[in-house]
Every structure is written in structure tokens, then in C-alpha cells.
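Quick notes on the structure that follows.
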Amino acid sequence: VTGRNGGPQKALGYPGSLCKSIKLSEKEQAFVDILLKKWPMFTTAKTLVRRGIVPVAGHASTKVTQLRKKGVPVESAKQARLGDESLSSSTRGYRLISS
């Protein structure tokens, strides 16, 4: 689902569960669990490093790409700003997109 300017639609209410056909590794599931816990706020790469999900902040985007390929709806703050100009330009991180 896309919002204005072709970007992801602003998340309004995450249902709290993923399709049962999505199989995640332990680290991937921990990543998603953190996103769910903090939703609708964005989770920064530094938070993921502190929680031991990724070894360095630069690996967060790679993990997000892996999750997206498996069907997990994740958006970055940069993508969210495309559909919501009111989102602060200083906002960083990732969150789940509602379906």
C-alpha cells in the first residue's frame, strides 16, 4: 500500500502478528519483536546493537532488507517521511508498516 508520492502508507495501527508462512531466524524474530514492542515509534540501529540483534549499526539496513525479502513489512524513517511531511527530519530508524 502506498501513500502520497508513492511512498509507504503511514502506519496507523499494527495488527501485532505476521503471516504464519513467514519463517524467521532467532535474530530476525528478536528484531521484529523489538519493532513490535516500540511500535509506532521508530527503533534506531543503535538500539538494535545494544540489544545484540546486530553487531554494528551498519548491519541494521542489511537485516531490514533480509526481513523485507521474507515478507515482513518494515519501513525506514526516510521512507515514512515521503508520505508524512510532518515527521521530523531528525527521526531515524525502522518500524513495521501496518497492513
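Note that the coordinates shown come from a computational prediction; the quantities given were computed from them, not determined experimentally.
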Side-chain donor-acceptor pairs of residues 40-47 under 3.5 Å, sequence neighbours excluded:
residue: Thr44; atom: OG1; partner: Thr47; partner atom: N; Å: 3.3
residue: Thr44; atom: OG1; partner: Thr47; partner atom: OG1; Å: 3.0

Pairs under 3.5 angstrom only: tabulate donor-acceptor contacts from the side chains of residues 63-72 to other protein residues two or more places apart or in another chain.
residue: Lys63; atom: NZ; partner: Gln66; partner atom: OE1; Å: 3.3
residue: Thr65; atom: OG1; partner: Ser61; partner atom: O; Å: 3.0
residue: Arg68; atom: NE; partner: Val74; partner atom: O; Å: 3.0
residue: Arg68; atom: NH2; partner: Val74; partner atom: O; Å: 3.2
residue: Arg68; atom: NH2; partner: Gln79; partner atom: OE1; Å: 2.8
residue: Lys70; atom: NZ; partner: Lys23; partner atom: O; Å: 3.3
residue: Lys70; atom: NZ; partner: Glu28; partner atom: OE1; Å: 2.7
residue: Lys70; atom: NZ; partner: Glu28; partner atom: OE2; Å: 3.4

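Here the side chains of Leu35 and Trp39 are not in contact, with every heavy-atom distance at 4.5 Å or above.
Between the CD atom of Glu75 and the CD1 atom of Ile97 there is a distance of 4.5 Å, given to the nearest 0.5 Å. One distance of note links CG of Leu96 with CD1 of Ile34; it measures 11.5 Å at 0.5 Å rounding. Here the OH-CG distance, from Tyr94 to Leu48, works out to 8.5 Å after rounding to the nearest 0.5 Å. Expressed to the nearest 0.5 Å, how far CG of Leu36 lies from CZ of Arg95 amounts to 13.0 Å.
Residues that satisfy the side-chain contact (heavy atoms from CB on, under 4.5 Å) test with Ser88, not counting sequence neighbours, are Ser90, Thr91.
Residues Gln29 and Leu24 approach most closely at OE1-CD1, 3.5 Å, considering heavy atoms.
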